[in-house]
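Notes for the one structure printed next.
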Amino acid sequence: EVQLVESGGGLVKAGGSLRLSCVVSGFSFADYAIGWFRQAPGKAREGVSCISNRRNGTYYGALVKGRFTISRHAAKNTVYLQMAMLKPEDTGVYYCAAGFWDGFGVGCIEGEYLDWGQGTQVTVSS
């Protein structure tokens, strides 16, 4: 059974940091891209950052580039999203998902991510 479990969300003040974790199981971790997406209240879900399969290519959305860092730890089957300089507009539910991306072009195309976690809430206060 494919499982993705997010953790690390919480309440933080603007300018603060959080690290999200996505632990995956039930499939070959190295063969899949892992992406972080978020959904703010009343808004569509958007791609935040994604990391490809074996080549470890990375993609960042324009709103988070320079503030967020994605990485994967193969031995722990875990992908991390280090978030710094958080802003109130970063508030939302953050989901990780497994999909297909080889590291070229746009990495966070939602339709290419097939399996999703339940999400973790991130709230940034002003």
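These numbers were taken from a predicted model, which means no experiment stands behind them.
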Point to revise | Gap between atom CD1 of Ile34 and atom CG of Asn53 - 0.5 Å precision | key: 10.0 Å
Practice item. Give a yes/no verdict on a cation-pi contact between Arg72 and Phe29, requiring under 6.0 Å between NZ or CZ and the six-membered ring centre and an angle within 45° of the axis. Key: yes
Check your understanding: Hey, are Thr91 and Glu89 close enough side-chain-wise for a donor-acceptor pair under 3.5 Å?
Key -> no
Check your understanding: Any cation-pi pair here, Arg45 with Tyr95, using under 6.0 Å and within 45°?
Key -> yes
Study note, to complete from the structure: In short, Gly35 meets Cys50 closest at the heavy-atom pair CA-SG, 3.4 Å
Practice item. Give the minimum heavy-atom separation between Trp101 and Gly57, together with the two atoms involved. Key: CZ3-O, 3.3 Å
Practice item. Might you work through the side-chain contact (heavy atoms from CB on, under 4.5 Å) test for Val12 and Thr123, ending with a clear yes or no? Key: CA-CA 6 Å; Val12 64; Thr123 303; over 6 Å; no
Review point. When you look at Asp115 and Leu4, which way does the side-chain contact (heavy atoms from CB on, under 4.5 Å) test go after all the steps?
Key: CA-CA 8 Å; Asp115 295 287; Leu4 299 97; 3.8 Å; yes
Revision key, fill the gap. d(Trp36 CH2, Leu81 CG) to nearest 0.5 Å is 6.0 Å
Review point. Which is it for Leu114 and Phe100 under the side-chain contact (heavy atoms from CB on, under 4.5 Å) test, yes or no, and what are the steps along the way?
Key: CA-CA 9 Å; Leu114 305 179; Phe100 301 98; 3.4 Å; yes
Check your understanding: Cut-off 3.5 Å, side chains only: do Tyr94 and Arg38 have a donor facing an acceptor?
Key -> yes
Study note, to complete from the structure: Value for OG (Ser71) from CD (Gln82), rounded to nearest 0.5 Å, stands at 8.5 Å
**Study point:** Val2 with Trp116, same ILVMFWY side-chain cluster at under 4.5 Å
**Key:** no
**Study point:** Rounded distance (nearest 0.5 Å) linking atom OG of Ser49 with atom CZ of Phe37
**Key:** 9.5 Å
Exercise for review: Return yes when atom CD of Gln118 has more than 12 non-hydrogen atoms of other residues, nucleotides or ligands closer than 6.0 Å, and no otherwise.
Suggested key: no
Point to revise | Heavy atoms of other groups near Tyr80 OH, more than 12 under 6.0 Å | key: yes
Review point. Distance from Ser125 atom OG to Lys13 atom NZ, nearest 0.5 Å?
Key: 6.5 Å
Practice item. Determine, stepwise, if the pair Val79 / Val23 fulfils side-chain contact (heavy atoms from CB on, under 4.5 Å). Key: CA-CA 7 Å; Val79 171; Val23 179; over 6 Å; no
Check your understanding: What closest approach, in Å, do Ser21 and Thr78 show between heavy atoms, and which atom pair accounts for it?
Key -> CB-CG2, 4.2 Å
Review point. Where do Tyr60 and Phe68 land on the ring pair (Phe, Tyr, Trp, His ring centres under 6.0 Å) test, with the steps shown first?
Key: CA-CA 8 Å; Tyr60 296 93; Phe68 291 9; 8.2 Å; no
Practice item. Can you measure from CD (Glu6) to SG (Cys96) and round to the nearest 0.5 angstrom? Key: 4.0 Å
Point to revise | Minimum heavy-atom distance Cys108-Gly47, with the two atoms named | key: CB-CA, 3.9 Å
